[in-house]
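Note on naming: letters A, B, ... go to the chains in the order of the sequence lines (proteins, then strands), and numbering restarts at 1 for each one. What you see below is based on every heavy atom in this structure, not just the backbone, and it leaves out hydrogens, waters and symmetry mates.
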Amino acid sequence: MITIKHDGCILCVGCSSVCPTNAIEVVGTRMEHFADKCIDCGLCVRVCPANVIEMYKGVKNHKELPAGAEVG
Amino acid sequence: MAKDFDHDIIVVGGGPAGSCFARIAAGAGLDVLVIDKRKEIGVPVRCGEGVNETEIIKEGLDLPRSCYSTPIVGAKIVAPNGKSITWKDKDTKGWILERKTFDKWLCELAVEKGATLKTYTRALQLLKDEKEKPNGLTISHGGREPFDLHAPLIVSAEGMESLIARQMGFKTVHALYDVDTCYEYEMKPYDHENLIELYFGNALAPRGYVWIFPKADRKANVGIGVGGNVANGDKLGALKGAQPKPLLDQFIKGNEQLKESSTLLDFGGVISVGAPINEFAKDNCMIIGTAAKQVDPIHGGGIAIAMEAGVMAAGAAIKAFEKKDFSKAIFTEHYEKPWRENTGPRLAKRLMLRKVMEKVSDDDMNHIFSTITDQDLQQIMNGNFAGPVAKVVGTRPQLLGVLRGLIG
């Protein structure tokens, strides 16, 4: 389960660039997270320079990683 | 049979790649539309703003004074133990740009050649014909009612986000290992000597470095980039987040000059430091610039590379319209193939250097910095590793294992 603290977001779209499933995109003037596409890989959390993306265990949303996606 | 098209070419993204593409293509008489999601071209700035002089001159452009903040006369590289090497050379000359003005200037050049530019306009969806070939985009101006535009050629110059490029089928997803996560302040006052300053150290910036880029009026861009795969932060939720900002704050606290300075601007971003993607063109579409990961893997810089790719891709587009052929083959022949032959090997060398550098420990880094001279550094920057590597390995043979990759 991903949450974004929009106040601190600098709209660098770093999270979109690493997201293997397009689950995080700019909509209007802020980043939106689409839980239905999210596979809880956490790459966006690790890459966010402003440290505004948080991930909580609990509400899980497991799907297979697509071919070619790397969790590094 | 022929569908009615609204434009000859639609370019997604008005950065250096998109605007240079549009300038050349529109100059040849093509009807080019450039859309950019931002309200104002060049804003927000997500860049250290450094660019090499020779690279701009190569494009045949005369940079107006308003587009750069200050010229650079050389560079200073600081080892983990504080020892520094300074080198000044005609090849290290460059500028620290004002990206906002610079990007706008490039767009204006394209508009003067006849291209159409639309800001605050977002591409939502790639449209395809019955043969699954791209033939248009659904776009929206400022979040208003979306509408469709058609063109036989769609160019993605989207940068890191690359939403449309993904819909085209390009593999633009970045692996964590191939990105750096960055944070930067514009600070004042900082008295500098117009040198680019780079600070290395695994404690300072894991798998990266801190940079100070001089700007006019005692200002400087002070930034940090750390490897995306280096999770070193406090626990956030259930996962450790990247921590470029706290590391940068720590550096600033320890710097005699900067600790008293104010910040004028916060910015940050994620930069690509990997290899270019495996293909730059498909039928009816091309991808240029950072979207295609055409960046220098040492610093993630891509302004000049993107401009060059834009110009080359525009040449291919002109050929395609002459022959009325928008197949992958024609774009590959006139854009991708020459790019991979000219720019590709240079970037591959830089990627090798990055991969070797991230394996070097602080102690070894100190040793390397105490061994090599500014001349050697120049050699390394030019991609000639053999001489400097021989020198370092001569005094510390155990480094051969790590550095061997550079001379293979």
Quiz item: In Å, rounded to the nearest 0.5 Å, how long is the span from OG of A:Ser17 to CG of B:Leu163?
Solution: 12.5 Å
Quiz item: For B:Lys171, is it the side chain, the backbone, both, or neither that has a heavy atom closer than 4.5 Å to a heavy atom of chain A?
Solution: neither
Quiz item: With side chains defined as the heavy atoms from C-beta onward, is the minimum distance between B:His174 and A:Val47 less than 4.5 Å?
Solution: no
Exercise. Flag yes if more than 12 heavy atoms outside B:Lys39 fall under 6.0 Å of its NZ atom; otherwise flag no.
Key: no
Quiz prompt | Portion of A:Val27 that has a non-hydrogen atom of chain B nearer than 4.5 angstrom | solution = neither
Practice problem: Identify the heavy atoms of A:Ile10 and B:Phe267 that sit nearest to each other, and give their distance. | Solution: CD1-C, 4.3 Å
Quiz prompt | Note, A:Asn51 side chain near B:Lys245 side chain (heavy atom, < 4.5 Å) | solution = no
Practice problem: Between chain A and each of B:Glu161, B:Lys37, B:Met160, count heavy-atom pairs under 4.5 Å; write down the option with the most. | Solution: B:Glu161
Practice problem: Please report the shortest heavy-atom distance between A:Cys12 and B:Gly268, naming the atom on each side. | Solution: CB-O, 3.6 Å
Exercise. Could you tell me the separation between the CZ atom of B:Arg38 and the CG atom of A:Leu11, rounded to the nearest 0.5 Å?
Key: 12.0 Å
Self-check item: Top contributor to chain A interface from B:Gly269, B:Ser140, B:Gly143 [non-hydrogen pairs under 4.5 Å]
Solution: B:Gly269
Quiz item: Which atom names give the shortest non-hydrogen contact between A:Pro49 and B:Cys182, and what distance separates them?
Solution: CB-O, 3.1 Å
Self-check item: For B:Ser162, side-chain contact (heavy atoms from CB on, under 4.5 Å) partners two or more places apart
Solution: B:Glu158, B:Ala165, B:Arg166, B:Thr172, B:Ala291
